[in-house]
Amino acid sequence: MVEKDRSLSRWVPAEVRQDIPSAARIYDYLLGGYHNFECDRMAVEQLLERLPHMRQTAQVNRMFLRRAVNFLLDHGIDQFLDIGSGIPTAGNVHEIVHARNPEAVVVYVDIDPTAVAHSAVMLVDEPNAATIRADVRDVDAILKNKAVNQLIDFNRPAALMLVALLHYVTDDDEAYQTVDTYIDTLAPGSFMAMSHTATEAVPDSKENFGRGLRAVSSTRSRSREEISRFFRDLSVVEPGIVLTPLWRPEGPDDILLDEPEKGFTMAGIGMKPAK
Ligand code: SAM
């Protein structure tokens, strides 16, 4: 049983500056959540003036997250390490997972104190899920974390979720090395699911998009080839690394199928083969 802080009753940790926008709260507001401040909402309104479909962009990513989790459950995965998990909103990984397998375990990791505080409140009565605050680049701190190790057994297949995260790791060497270390730790039969802003997806509005996000935090879009490099020797499942709306769309509720580049990202899932 993972120890949890039951005293957390507020979603705003004391150290959080309420006048500086954060990527996590901006994404929350784009998705219709309410864990955001005036400065986040203003940043989004400015972004929407240049990129009116940004809400759909966020939704497309969230829909990929759901399809990816269901794919992983279909393939027998019962351990999920979701890094850059964000502020909980509708359709969180543990909710999708536990609806189908209550015994499966989920650990959320995010650098944003608001995301972690709110996740902790939400997970108080969830023995099979935990949240920790860490930087994805601090691989050791995450892989050696007590809560992570109480829940996840890296000797068995697990899913590493890096959804809409790695464009925040702007240094290429650091980004590739970081992901390499996680992949090395995963057992054969594990999966990695990723979405990432793609240079091919933002030809017209690239500059605007970059400026919009850079106002909050630096980002680095990568090409399909550069995104593919993260997958190393994993076997990438069909349909490969594609514009996110086109990754196994499920039906009439999917959005941006006709304009998939407006999702701004590419997505894919790879499996670590047996040695
Ligand atoms: N993965 C969720 C999803 O797809 O719905 C949330 C994606 S949100 C766009 C990106 C998240 O990554 C934010 O919550 C942000 O705080 C987090 N993040 C950014 N840089 C990070 C880092 N270096 N380490 C961990 N999390 C980070």
Side-chain angles (χ1 to χ4, degrees), residues 11 13 15-17 20-33 35-37 40 43-44 47 54-69 72 80-97 106-120 122 131-143 145 148 159-171 174-179 181-182 192-198 209 212-214 216-221 244-245 247 263-269:
W11 63 270
E15 76 266 30
V16 170
R17 290 274 306 261
I20 300 176
S22 94
R25 296 192 312 259
I26 281 189
Y27 185 65
D28 175 66
Y29 183 58
L30 279 170
L31 288 172
H35 295 97
N36 45 71
F37 305 131
D40 307 307
V44 168
L47 200 57
M54 254 333 256
R55 287 191 197 284
Q56 286 173 299
T57 301
Q59 282 163 11
V60 152
N61 183 70
R62 201 70 189 169
M63 290 162 102
F64 165 69
L65 182 77
R66 174 174 47 80
R67 297 199 297 276
V69 170
L72 296 162
F80 294 78
L81 181 60
D82 181 10
I83 309 183
S85 47
I87 294 172
T89 179
N92 297 297
V93 170
H94 78 282
E95 291 161 341
I96 306 167
V97 166
V106 178
V107 179
Y108 293 118
V109 182
D110 204 285
I111 200 170
D112 185 291
T114 303
V116 177
H118 187 58
S119 301
M122 182 183 63
T131 182
I132 65 164
R133 184 176 175 202
D135 187 322
V136 62
R137 294 166 296 183
D138 203 349
V139 185
D140 245 25
I142 293 175
L143 293 179
N145 179 278
V148 172
L160 172 66
M161 317 279 304
L162 303 171
V163 180
L165 169 67
L166 288 170
H167 37 256
Y168 296 107
V169 182
T170 53
D171 182 278
E174 192 171 36
Y176 290 119
Q177 252 171 40
T178 297
V179 175
T181 316
Y182 287 111
M192 177 174 78
M194 179 183 297
S195 67
H196 192 302
T197 59
F209 179 66
L213 273 191
R214 265 199 300 279
V216 179
S217 108
S218 30
T219 58
R220 158 111 166 80
S221 286
T244 301
W247 195 89
F264 282 158
T265 52
M266 287 193 182
I269 293 188

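Order of appearance sets the numbers: ligands from 1, and atoms from 1 within every ligand. Given the structure is predicted, the values throughout are model-derived calculations rather than measurements.
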Verdict with reasoning, Val136 to Tyr168, per side chain to side chain contact (heavy atoms under 4.5 Å, CB included): CA-CA 10 Å; Val136 62; Tyr168 296 107; over 6 Å; no
Spacing of OG1 belonging to Thr265 relative to CG belonging to Asn61, to within rounding of 0.5 Å: 5.5 Å
Shortest reach to atom 21 (C) of ligand 1 by a heavy atom, considering only Asp138, Thr265, Asn92, Ile111: Ile111
Per-atom contacts, ligand 1 versus Val163 - under 4.0 Å to a heavy atom: 1 (N), 2 (C), 4 (O), 7 (C)
Met161 and ligand 1 - part of the residue with a heavy-atom distance under 4.0 Å: neither
Verdict with supporting geometry, Leu31 and Gln59, side chain to side chain contact (heavy atoms under 4.5 Å, CB included): CA-CA 7 Å; Leu31 288 172; Gln59 282 163 11; 4.2 Å; yes
For atom 3 (C) of ligand 1, closest protein heavy-atom neighbour: Tyr27 OH, 3.3 Å
Atom 10 (C) of ligand 1 - nearest protein heavy atom and its distance: Ala164 O, 3.3 Å
Sub-4.0 Å atoms of ligand 1 with respect to non-hydrogen atoms of Arg62: 3 (C), 5 (O)
Criterion side chain to side chain contact (heavy atoms under 4.5 Å, CB included) on Gln177 and Val139, from CA distance to verdict: CA-CA 10 Å; Gln177 252 171 40; Val139 185; over 6 Å; no
Distance from atom 24 (N) of ligand 1 to nearest protein heavy atom, with residue and atom: Val136 N, 2.9 Å
Ligand-side contact atoms (ligand 1) for residue partner Ala24, heavy atom cut-off under 4.0 Å: 13 (C), 14 (O), 16 (O)
Separation between CG of Asp28 and NE2 of His35, rounded to the nearest 0.5 Å: 7.0 Å
CA sep, side-chain torsions, deciding dist, call: Gln56, Phe264, side chain to side chain contact (heavy atoms under 4.5 Å, CB included): CA-CA 10 Å; Gln56 286 173 299; Phe264 282 158; over 6 Å; no
Within-shell test, Ala134 vs ligand 1, heavy atom, strictly < 4.0 Å: yes
Exam field: side chain Arg220 to backbone His167, donor-acceptor pair closer than 3.5 Å: no
Side-chain (Ser195) to main-chain (Val163) donor-acceptor, under 3.5 angstrom: no
Reported OG1-to-CE distance for the pair Thr244 and Met194, which is rounded to 0.5 angstrom: 11.5 Å
Contact with ligand 1 for Ser85, non-hydrogen, under 4.0 angstrom: yes
Side-chain (Asp110) to main-chain (Val116) donor-acceptor, under 3.5 angstrom: no
Closest candidate by heavy atom, reference atom 23 (N) of ligand 1, pool Asp135, Thr57, Leu65: Asp135
Shortest protein heavy-atom distance from atom 20 (N) of ligand 1, along with the residue and atom involved: Tyr168 CB, 3.6 Å
Gly84, Ser218, Ala115, Gly91: member with heavy atom nearest to atom 6 (C) of ligand 1: Gly84
Ligand 1 versus Ala23: contacting region, heavy-atom distance under 4.0 Å: neither
Region of Asn61 that comes within reach of ligand 1 [heavy atoms, distance under 4.0 Å]: side chain
Numbering as shown, the atoms of ligand 1 that approach Asp112 to under 4.0 Å (heavy-atom distance): 16 (O)
Protein heavy-atom partner closest to atom 13 (C) of ligand 1 - residue, atom, separation in Å: Asp110 OD2, 3.6 Å
Ligand 1 versus Leu165: contacting region, heavy-atom distance under 4.0 Å: side chain
Tyr108 and Asn92: side chain donor to acceptor below 3.5 Å: no
